[in-house]
Number of protein chains: 2
Amino acid sequence: MGPDGAAPPRGRPRGGPRLTREKVLEAALMLVDRGGTEALSMRSLATELGVDAMSLYNHVANKDAVLDGIAELFLGRIDLPEPTGHWQRDVRALAAAFRRTAAQHPRAAPLVLTRQLASFKGLVGTESVLGILHAAGFPPEEAVHALRTVLAFLVGALLREVSSGPTFSGQNLGDLVERREELENSGLPHVARAAPHLAACNHEEEFDFGMDLLVAALEQRLRTRKRLPRRD
Amino acid sequence: MGPDGAAPPRGRPRGGPRLTREKVLEAALMLVDRGGTEALSMRSLATELGVDAMSLYNHVANKDAVLDGIAELFLGRIDLPEPTGHWQRDVRALAAAFRRTAAQHPRAAPLVLTRQLASFKGLVGTESVLGILHAAGFPPEEAVHALRTVLAFLVGALLREVSSGPTFSGQNLGDLVERREELENSGLPHVARAAPHLAACNHEEEFDFGMDLLVAALEQRLRTRKRLPRRD
DNA sequence: ACCTGAACACCGTTCAAGT
DNA sequence: ACCTGAACACCGTTCAAGT
């Protein structure tokens with residue numbers, strides 16, 4: 001789909017550095033990686049590419065298309081691990097791969113986590129998960145439910161990881177512990193008691209906890225499903 | 001905390017309609033509810049309130065503070081259900097309450113789901129969950145892990161629900177089913193087979209599936225935890 | 001076919017001035 | 001103490017013009 005035929009430059013056959021949709025998006029991702037979404041404007045992007053702002057519109061429809069393109073680039077950067085046949089491990093490995101890319105592009109990650117893309121790129125990850133769950137014994141409908149549940153967790157977890165970014169990591173939480181007695185007096189006894197655990201947040205540990213929980217639940221579901229048809 | 005003393009108007013004692021932080025934020029939420037985040041600007045907000053744009057800065061620090069304020073308002077609108085003592089039901093009820101508010105303010109919801117707030121408002125929900133999990137038998141540390149896992153799922157699930165809003169609900173997914181043979185040929189056989197289930201998305205059903213999964217997993221964890229200390 | 005520059009209709013925010 | 005208007009330094013995008 002789409003006008004992606006991208007004929008090679010015809011004028012100068014040798015070393016044409018010409019502007020390209022690809023180049024525009026790569027530069028855009030770099031700008032976001034460097035300075036966050038707010039550092040990306042059509043004008044800053046043009047400057048980065050040494051070109052007039054309006055030239056960009058020959059390769060992308062508008063700024064929104066640039067943001068979609070960054071998300072697509074992000075998805076392409078995820079290298080999907082080869083399934084091993086052990087579905088629990090495979091699901092976890094896939095989630096970990098997504099997470100790794102988010103760690104490499106923390107400021108671009110919200111673009112992928114927040115917008116819904118019509119891209120085919122997103123489907124290859126979907127394909128992989130569905131394949132794994134199918135091999136595990138989940139029928140298609142339940143596999144889709146499981147996929148969506150894991151994806152929802154992934155989105156929420158990664159969004160938390162990347163947006164507590166380098167700016168103020170757990171700063172307000174740090175205050176929390178110190179105000180402990182204040183919390184107890186304001187009717188928040190459980191928050192007060194859990195304050196040390198609320199103040200600390202080891203992202204990897206939290207991520208693993210959640211994935212453990214989900215995988216365990218899926219496993220349990222699979223067991224009861226296998227038992228039923230046999231009609232013991 | 002904060003300069004919220006808010007002395008009553010002194011000039012005209014009677015019926016002063018004066019601008020207020022509260023009024024500014026209410027108007028801001030209304031604008032977002034009506035036209036989405038992009039309809040909110042300091043200037044449109046001022047116009048809505050029949051005032052010069054600069055007057056707003058007497059009540060809020062800047063636009064970012066307005067967005068935080070909207071999120072706070074949102075949190076305040078959630079009416080937390082009274083715990084019944086049945087923790088599975090209580091956790092679910094709490095999540096459902098959050099979800100209900102998101103349904104009432106679909107365009108404002110991303111503000112709450114996306115930014116991390118330093119507000120005390122967020123803590124009362126936390127308190128509630130921790131209380132429920134404590135009563136269920138979870139020690140504080142594990143309760144915090146569980147809270148974060150459920151919250152991550154909640155964020156991801158609601159983000160999907162609200163951003164596939166009235167604009168193009170499942171439109172690209174609709175195409176999916178029709179391209180079935182195309183999908184099979186492009187190496188996406190599992191996507192092809194699950195296409196009808198991928199194309200449809202009953203948000204409530206998906207939400208319940210995920211919550212069921214999480215609650216079941218927590219229950220299982222609680223059981224093994226209870227068995228262990230007894231050292232059978 | 002691709003790039004350019006001026007121009008339009010917006011932004012958030014500062015600052016000096018009003019009352 | 002609160003509100004105002006002009007002004008600054010930005011935006012995304014259209015359009016007519018260049019080559």
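Quick note on labels: first sequence line is chain A, next is B, and so on, each numbered from 1.
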Smallest heavy-atom separation, B/Ala61 atom then B/Ala65 atom, equals N-CB, 4.0 Å
For C/dC10, the Watson-Crick or wobble partner whose two distances fall under 3.5 Å: none
For B/Ala61 and A/Val51, take the nucleotide of DNA chain C holding the closest heavy atom to each; which residue's nucleotide lies nearer the 5' end? A/Val51
Would you mind reading off the distance between B/Arg21 atom CZ and D/dC2 atom C1', rounded to a whole angstrom? 18 Å
State plainly whether the residues A/Glu161 and B/Arg148 are in salt-bridge range, i.e. N to O under 4.0 Å. no
Would you call A/Glu141 and B/Arg193 a salt bridge, using N to O less than 4.0 angstrom? no
Rounded to whole Å, the CG-P distance (B/Asn58 to C/dT13) equals 14 Å
Give, for atom CG of B/Asp208 and atom CD of B/Glu204, the distance between the pair rounded to the nearest 0.5 Å. 5.5 Å
Taken to the nearest whole Å, CG/A/Leu56 to C1'/C/dA1 is 16 Å
Does this structure show an ion pair linking B/Arg115 with B/Asp68, if we count only N-O contacts that are shorter than 4.0 Å? yes
Please enumerate all protein N or O atoms sitting under 3.5 Å from an N or O of nucleotides 5-10 of chain D, with distances to 0.1 Å.
none

Measure the distance from CG on B/Asn62 to P on C/dT14 and round it to the nearest whole Å. 8 Å
Complement of D/dC15, any strand, by Watson-Crick or G-U distances under 3.5 angstrom: C/dG5
Check A/Glu26 with A/Arg21, please: is the shortest side-chain N to carboxylate O separation under 4.0 Å? no
Below the 4.0 Å mark, does D/dT13 have OP1 or OP2 next to a side-chain nitrogen or oxygen of A/Tyr57? yes
Just checking B/Gln104: does its CD atom have more than 12 heavy atoms from other residues, nucleotides or ligands closer to it than 6.0 angstrom? yes
Nearest whole angstrom, please: distance from the C1' of D/dT14 to the NZ of A/Lys63. 18 Å
Is any side-chain N or O of A/His59 closer than 4.0 Å to OP1 or OP2 of C/dC2? no
If I take atom CG in residue B/Leu45 and atom P in nucleotide C/dG12, what distance separates them, rounded to the nearest angstrom? 9 Å
In whole angstroms, how far is the C1' atom of C/dC3 from the CE atom of A/Met42? 14 Å
Rounded to the nearest angstrom, tell me the gap between atom CG in B/Leu67 and atom C1' in C/dC11. 14 Å
Under 4.0 Å between a side-chain N or O of B/Ser55 and OP1 or OP2 of D/dT4? yes
